[in-house]
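All remarks here apply to the structure that follows.
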Amino acid sequence: MMSNGTNHFAASEPDLMTADRYNARVAEPRWQKTWEERAIFATANDDPRPKYYVLEMFPYPSGRIHMGHVRNYTMGDVVARYKRAKGFKVLHPMGWDAFGMPAENAAMAHKVHPREWTYANIATMKAQLKSMGLSLDWQREIATCDPAYYMHQQRMFLDFLKAGLVERKTSKVNWDPVDQTVLANEQVIDGRGWRSGALVEQRELTQWFFKITRFSEDLLAALDRLDRWPEKVRTMQRNWIGRSEGLHVRFALDPATTPNHESELEIFTTRHDTLFGAKFMGLSADHPLARAAAAKNPALAAFIAECKRMGTAQEAIDKAEKLGFDTGIRAIHPFDPSWRLPVYVANFVLMEYGTGAIFGCPAHDQRDLDFVNKYDLGNTPVVCPEGQDPATFVITDEAYVGDGRMINSRFLDGMTFAQAQEEVAKRLETEIRGGAPVGRRETMYRLRDWGVSRQRYWGCPIPVIHCPSCGVVPVPAAELPVRLPDDVDFDRPGNPLDRHPSWKHVACPQCGGKATRETDTMDTFVDSSWYFARFTDPWIATSPTDRAAVDSWLPVDQYIGGIEHAILHLLYSRFFTRAMKATGHAGLDEPFAGLFTQGMVVHETYRKADGTFASPSEVEIKTLIESTVEDPTSGFKSTSSIRVATLTGTDIPVEIGPIEKMSKSKRNTVDPDEIMGSYGADTARWFMLSDSPPDRDVIWSEEGVQGAARFVQRVWRLIGEAAAVAATGDLPRPALFGEPATALRKAAHQALSRVSEDIEKLRFNRCVAHVYELANTFQTSLTAAGGDPPADYRWAVREAASILVRLFHPMMPHLAEECWAALGAAGLVAEAEWPEVEADLLVEDTVTLPVQINGKKRGDVTVPRTAGKAEVEAAVLALDAVQRALGGAAPKKVIVVPHRIVNVVA
RNA sequence: GCGGACGUGGCGGAACGGUAGACGCAGCGGACUUAAAAUCCGCUGGGGGAGACCUCGUGCGGGUUCGAGUCCCGCCGUCCGCACCA
C-alpha cells in the first residue's frame with residue numbers, strides 16, 4: 001500500500017492501527033482533557049513549596065504557530081514538567097505579544113480590523129498550543145492588546161514620567177515622502193519605502209524616550225552577576241552598552257573661516273593618543289556648525305540633504321561609501337597653533353554619539369582611512385607595532401588598530417598607547433582656554449535612550465494630553481486606560497489615531513481648555529518588558545503587580561527564547577524591571593536569573609525548473625543508487641547513493657537546495673498542525689529535542705520525524721512487554737539481585753542520573769540519547785530473560801519501566817501517561833515524583849583504563865577500582881603492547897590519571 | 001562596516017585537556033513474508049592486512065603539553081544581530 005500522491009505521512013492511517021500500535025491521535029486529546037479537567041497545571045500563589053518560574057518568550061499572534069514555537073515551547077515544557085516532578089510549585093504561563101505592525105498591515109491588505117485579526121489568530125494559535133500538550137497554566141493567559149493589560153502599562157508610563165525616567169526629545173525617523181508616513185527599518189529596502197518605492201528621508205520628530213542611559217553603568221556591571229546567562233549574550237550586551245573612557249577636546253577654530261565667527265569645536269575621542277596623526281575634522285550632518293555653514297553654502301546644503309537620504313539604520317550608514325564635504329572651516333591643532341585641519345561634514349559621523357564631531361586619524365581607524373583615501377588627505381602612522389621598523393612602517397589600505405609605540409608624535413614618541421593617552425589627557429586638562437580646560441575626561445556609553453514613540457494605531461496609547469497653556473499633562477489615573485478607538489480606517493497612510501475625527505480632542509485635565517491627546521503609541525517592546533511580572537498575578541485590577549506575588553515569583557528561573565532577542569528585548573526588560581523597582585512596582589533589578597537561547601528550525605529548500613520554490617509537502621524524496629562497484633576478487637559490493645526530489649506523484653524533478661531558516665518566501669516551512677495531526681505531538685516534541693544541541697539550529701527532516709515516530713511505537717511495545725513480565729502488586733524488594741536484574745538496574749539508574757543532569761543543563765539532545773540507550777538495553781535484557789524470569793528480575797523490570805516512563809515523560813507526556821496506565825501505576829505520571837538515583841548502582845568494582853604509548857592508544861587494563869598508582873603501573877607494564885614498544889628498556893615516564901587513562905612515554 | 005557565534009563520518013551530532021565518532025538518521029547484508037510495509041539481528045570514517053593489528057583522520061597553517069576536537073596565535077568559510085520586525 002504505497003502512498004497515494006499527497007500522502008507523505010503514510011505511517012498514521014487510522015486503519016493501519018492495531019491493538020499493539022500506539023494511537024497518538026486518540027490518546028493525546030484524551031490525556032489533554034484529563035489534565036485540563038483535573039487542572040493539574042494551574043498554579044496557586046499560596047502553595048508553600050519552593051517556587052520555580054519557567055517562561056518561554058511569548059509569541060506574536062501572527063496567524064499560526066510555526067516550528068520555531070514548537071521547539072521553544074517544548075523545551076520550556078520539559079523544564080516545567082521536570083521541576084514539577086522534583087517537587088517545585090512551577091509557574092509556567094502563556095500569553096500574547098499582541099500589538100504590532102502585522103495587524104495593521106493585514107488591516108490595510110484585507111480590510112480586517114487589527115483587533116479582529118489579532119484575536120482570531122490568538123484563538124487559532126491557542127488551539128494549536130493546546131494540541132502540543134504543554135503543561136501551561138492557561139488561567140493566567142494575558143494579551144498585551146487587552147485594555148486590562150495596557151492600562152497598567154500606561155500607569156507605569158506615568159509613574160516613570162513622574163520619577164524622571166521618561167523625557168521628550170527629538171530623534172530621527174525614516175520618512176516616506178509619498179506615503180507621508182514613518183517607516184520601520186525593515187520597511188526600508190535599498191533606501192526606498194517598501195510600498196511607495198519613494199526615496200526615504202531622515203526626518204526629525206519630537207518623541208518620547210525612556211531614560212535607559214540612566215542605568216548604563218548598572219546594566220553593564222550587573223551582567224557579571226548573571227552567571228546563568230550565556231556568555232555570548234552578556235558579551236553582546238556589554239558591547240551594545242559600549243562603555244568607553246574618552247576625552248572631550250575643544251579645538252579652536254580659525255575665526256576667519258567660520259560662518260558666524262564660531263570660535264571652537266568640541267569633539268569626543270577615545271584615541272587621543274593619535275592626535276598627532278590627525279588629518280581632518282568630521283562633523284555630523286546634523287551638527288549645528290554644519291547647519292550654520294550650510295546656510296551660506298548651497299552646495300554643502302545639498303550634500304547634507306543627500307546624507308539625510310540614508311535612512312536611520314546603523315548598518316546602512318556603516319556600509320555606505322564614506323562621503324564628505326569640505327566646509328572651508330579650519331580647526332587649529334591643540335598642540336600646534338600653526339597646524340590647520342580641514343573641517344568636513346562626513347556621512348559616517350553620528351550626532352547621537354559623543355558631540356557629533358570627531359577628529360580623523362586615518363592611520364589607526366578604518367573609516368577615517370577610507371575617507372582620506374577618497375579625498376586624498378594623506379595619513380601619518382603614529383602607533384608602530386612592536387617589532388616593526390618605524391622608518392618603514394606605512395599604512396595604505398588597512399588601518400592599524402593594535403597596540404604599539406608612539407612615533408611621529410613629538411613629545412609622545414616612544415610611549416606606549418596607554419602612556420600617550422594619559423599624557424595627552426593630562427596636558428589638555430590643565431590647559432585653560434576661555435576659562436575652561438581644553439580637555440575633559442569622560443566615560444561615555446554607546447547605549448542610547450530608548451525611543452518608545454510609534455506613529456501607529458495598534459499599540460498602547462501614550463497617556464498624556466498636550467495643552468496649549470499647560471503643556472504636557474498626564475492623563476489622570478482615574479481615567480485610565482486611554483483606550484484605542486475602534487472606528488478607524490486604514491485606507492490612507494499615516495496614523496489613524498491622528499486623523500480620527502474626535503478621539504484626540506479632549507479637555508485639559510488641568511485647566512479644562514481645549515487640548516489634544518498624544519497620538520503616538522508605545523513601541524511593542526514596552527509590552528514585552530514586563531509581561532513576566534504581570535503573570536505572577538494577572539488578575540489584580542488596581543495595580544500593575546501585586547507586590548507579594550511579583551517579589552516571590554521573580555526572578556524567572558529559566559527564560560527560554562531566540563537568540564535574536566539577545567540585546568533589545570532582554571536589555572529593555574532589565575531596564576524596565578529597574579524602573580519598576582524605582583516606582584514601587586517590583587522589588588528587584590534583574591528579571592531573568594537563567595537564560596537560554598535556542599537555535600532556529602531550518603529545512604532544505606526545493607527549487608523547480610522555473611526557479612520558483614516548492615514546499616516540502618509538494619515534494620517526494622527518493623534515495624537512488626548512483627553506482628555499484630563490485631570488487632572482482634572478494635565479490636564485495638559497495639554502493640554510493642544520491643537523494644533526488646520530484647514533485648509528488650510525478651516525474652518532474654526538483655532541485656534540492658541549501659538548508660535555510662524556515663520562511664514563507666523560500667516555501668520551506670512545515671506546518672506543525674500537519675505534523676501533529678499525522679504523527680502526534682509527542683513525535684514532534686521528541687524530534688525537536690533529539691539530535692541537535694538546543695542552542696544550535698535544528699534541521700527538520702522527514703526522515704528524522706519518521707525515526708522519532710518509530711521510537712514512539714518501539715517504546716509502546718517495550719512497555720507492553722515489560723508490563724507482561726513486571727512484578728505487580730506489592731511484591732517486596734528482593735534482598736539480593738541476580739546478574740540480569742543488576743545489569744538492568746544499573747542501566748536504569750545510570751540513565752536516570754544522566755537524564756537528570758542533562759535536563760538541569762538543558763542538554764535535551766543528550767537526554768534523548770540516554771533514553772534511547774536505556775530503551776535499547778532494556779529490550780535486549782527482556783529478550784534475553786525469556787518468558788518466565790525469577791522474581792528479582794521481575795522486580796527490576798517494574799523498576800526500570802517505571803524509571804524509563806518518568807524519564808521521557810517531560811519530553812513525550814502523552815505517551816508517558818499511556819505507558820504509566822499500562823504499567824498499572826497509580827495516578828498520573830504528570831503528577832508523579834522524579835525517581836531517586838541509587839548511587840551504589842553507578843559505581844563499578846573495577847575500572848578499565850585505556851593505555852596509551854606516547855599518546856596513542858595501544859590497549860586496556862582492567863584494575864580494581866581501589867588500585868593505587870603502583871598497582872596500575874605494574875599492570876600496564878605487563879601488557880604485551882607495552883613490552884613490545886619498550887623493547888626491554890625502562891619507560892621514561894608513566895602518567896596515571898586515576899580512573900581515566902594511563903600514558904607510557906617510551 | 002561594527003559586534004557575536006559556529007566549523008568533527010554520507011547527514012544531525014557525542015567526547016571534565018585523557019580511548020575521536022555515544023545516540024539518532026541514511027545506507028548495506030540477513031531473518032520473517034507469496035510480496036511489500038512494519039519488526040528483529042548484524043555491518044557501516046579513509047587506506048592497508050587473511051588476521052590479531054597497522055596507518056591517516058575533528059576547516060587550513062603554526063604553537064603549548066606526556067597527551068589537543070578541546071588551550072594559545074594567525075588565516076579561511078558559514079550563520080546571526082545592529083536600536084521603528086517581533
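Letters go in sequence order (proteins before strands), and every chain restarts at 1.
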Assign a letter to each nucleotide of nucleotides 5-11 of chain B from its 5' end: B, base within under 4.0 Å of a protein heavy atom; S, sugar-phosphate only; -, no contact. --S----
Would you check if the side chain of A:Thr144 reaches a backbone N or O of A:Ala98 as a donor-acceptor pair within less than 3.5 Å? yes
A:Thr312 and A:Val173: which non-hydrogen atoms are nearest, and at how many Å? CG2-C, 3.8 Å
Heavy atoms only, 4.0 Å cut-off, all strands: where does A:Asp370 land among base, sugar-phosphate and nothing? nothing
Please determine if A:Arg21 forms a cation-pi arrangement with A:Trp716, meaning its NZ or CZ atom is less than 6.0 Å from the six-membered ring centre and no more than 45° off the ring axis. no
Nucleotide B:G12, atom P - distance to CZ of A:Phe711 in whole Å: 22 Å
Judged by modelled atom types alone, do A:Gln455 and A:Gln207 share a side-chain donor-acceptor pair under 3.5 Å? yes
Output one line per pair: protein atom, nucleotide atom from nucleotides 75-78 of chain B, and distance, for all N/O pairs under 3.5 Å.
none

Contact list (N/O, under 3.5 angstrom) for nucleotides 37-40 of chain B vs protein:
unit_1	atom_1	unit_2	atom_2	d
B:U39	O3'	A:Arg717	NH2	3.3

In a check of ring-ring contact (aromatic ring centres under 6.0 Å, His included) between A:Phe711 and each of A:Tyr679, A:Tyr772, A:Tyr22, A:Phe687, which one passes? A:Tyr772
Between B:G12 and B:G27, how far apart are the two C1' atoms, rounded to whole Å? 16 Å
Nearest-Å distance for atom pair CE/P, residues A:Met688 and B:G12: 17 Å
Could you tell me how far apart A:Gln706 (CD) and B:G12 (P) are, to the nearest whole angstrom? 19 Å
Any donor-acceptor N/O pair, A:Arg574 side chain to A:Leu219 backbone, under 3.5 Å: yes
Just jot down the side chain to side chain contact (heavy atoms under 4.5 Å, CB included) partners of A:Lys211, sequence neighbours excluded, or say none. A:Glu167, A:Arg214, A:Asp449
What one should report as the nearest heavy-atom pair of A:Ala103 and A:Pro114 is CB-CB, 3.8 Å
Identify the heavy atoms of A:Ile563 and A:Lys232 that sit nearest to each other, and give their distance. CD1-CE, 3.8 Å
If the condition is side chain to side chain donor-acceptor pair (under 3.5 Å), which residues does A:Asp758 pass it with, not counting sequence neighbours? A:Arg763, A:Arg766, A:His770
Assert: residue with more 5' nearest nucleotide on RNA chain B, out of A:Val698 and A:Ala769, is A:Val698
Got a sec, which residues hit side chain to side chain contact (heavy atoms under 4.5 Å, CB included) with A:Pro102, two or more places apart in sequence or on another chain? A:Tyr60, A:Trp117
In short, A:His565 meets A:Met57 closest at the heavy-atom pair CD2-SD, 3.4 Å
Nearest whole Å is fine: how far is B:G1 C1' from A:Asp368 CG? 13 Å
A:Ala184: partners by side chain to side chain contact (heavy atoms under 4.5 Å, CB included), with sequence neighbours left out: A:Met101, A:Glu186, A:Gln187, A:Arg456
Check whether any side-chain N or O of A:Asn347 sits under 3.5 Å from a backbone N or O of A:Leu323 as a donor-acceptor pair, and report yes or no. yes
With rounding to the closest Å, how many angstrom separate the C1' atoms on B:C82 and B:U55? 50 Å
Return the value, rounded to whole Å, for the distance between atom OH of A:Tyr772 and atom P of B:A14. 15 Å
What distance, rounded to whole Å, do you find between the two C1' atoms, one in B:A20 and one in B:G46? 14 Å
Please state the P separation for the pair B:G29 and B:G63 - nearest whole angstrom. 47 Å
Pairs flagged by side-chain hydrogen bond (donor to acceptor under 3.5 Å, both in side chains) wherever residues 692-701 of chain A is involved - sequence neighbours left out: none
Distance check needed: B:G13 P versus A:Phe764 CZ, whole Å only. 17 Å
If I take atom CE in residue A:Met310 and atom P in nucleotide B:G1, what distance separates them, rounded to the nearest angstrom? 16 Å
Ignoring hydrogens and geometry beyond distance, is a side-chain donor-acceptor pair present between A:Gln180 and A:Asp176 at under 3.5 Å? no
Within the supplied structure, the quantity of interest is the number of heavy atoms (other residues, nucleotides, ligands) at a distance under 6.0 Å from A:Lys169 NZ; does it exceed 12? yes
Can you run through RNA chain B from 5' to 3' and write each base as (, ), [, ], | or . depending on how it pairs? Watson-Crick or G-U wobble, both distances under 3.5 Å. (((((((..(((.....[....))).(((((.......))))).((((....))))..(((((..]....))))))))))))....
Do the side-chain N and O atoms of A:Asn121 and A:Trp96 include a donor-acceptor pair separated by under 3.5 angstrom? no
Distance, rounded to the nearest Å, where A:Glu702 contributes CD and B:G12 contributes C1': 16 Å
Residue pairs, two or more places apart or on separate chains, that pass salt bridge (Lys or Arg N to Asp or Glu O under 4.0 Å) and touch residues 711-721 of chain A: none
Below 4.0 Å: OP1/OP2 of B:A22 and any side-chain N or O of A:Asn765: no
B:G30 and B:A36, which share atom name P, separated by this distance in whole Å: 12 Å
Is the backbone of A:Thr181 close enough, under 3.5 Å, to the side chain of A:Asp179 for a donor and an acceptor to pair up by distance? no
Taking the P atom of each, how far is B:C73 from B:A50, in whole Å? 48 Å
Nearest-Å distance once atom P is located in both B:G81 and B:A14: 23 Å
Polar pair under 3.5 Å, donor/acceptor by atom type, side chain A:Asp691, base B:G12: yes
I'd like to compare against my own output: the B/S/- annotation of nucleotides 43-70 of chain B with a strict under-4.0 Å heavy-atom distance to protein. -----------SSS---------BS---
In terms of base orientation, is B:G9 syn or anti, with the syn window spanning 90° either side of 0? syn
C1' spacing across the pair B:A37 / B:A31, given as an integer number of angstrom: 16 Å
Under 4.0 Å protein heavy-atom contacts per nucleotide of nucleotides 79-86 of chain B, with B for base, S for backbone only and - for none: ---BBBBB
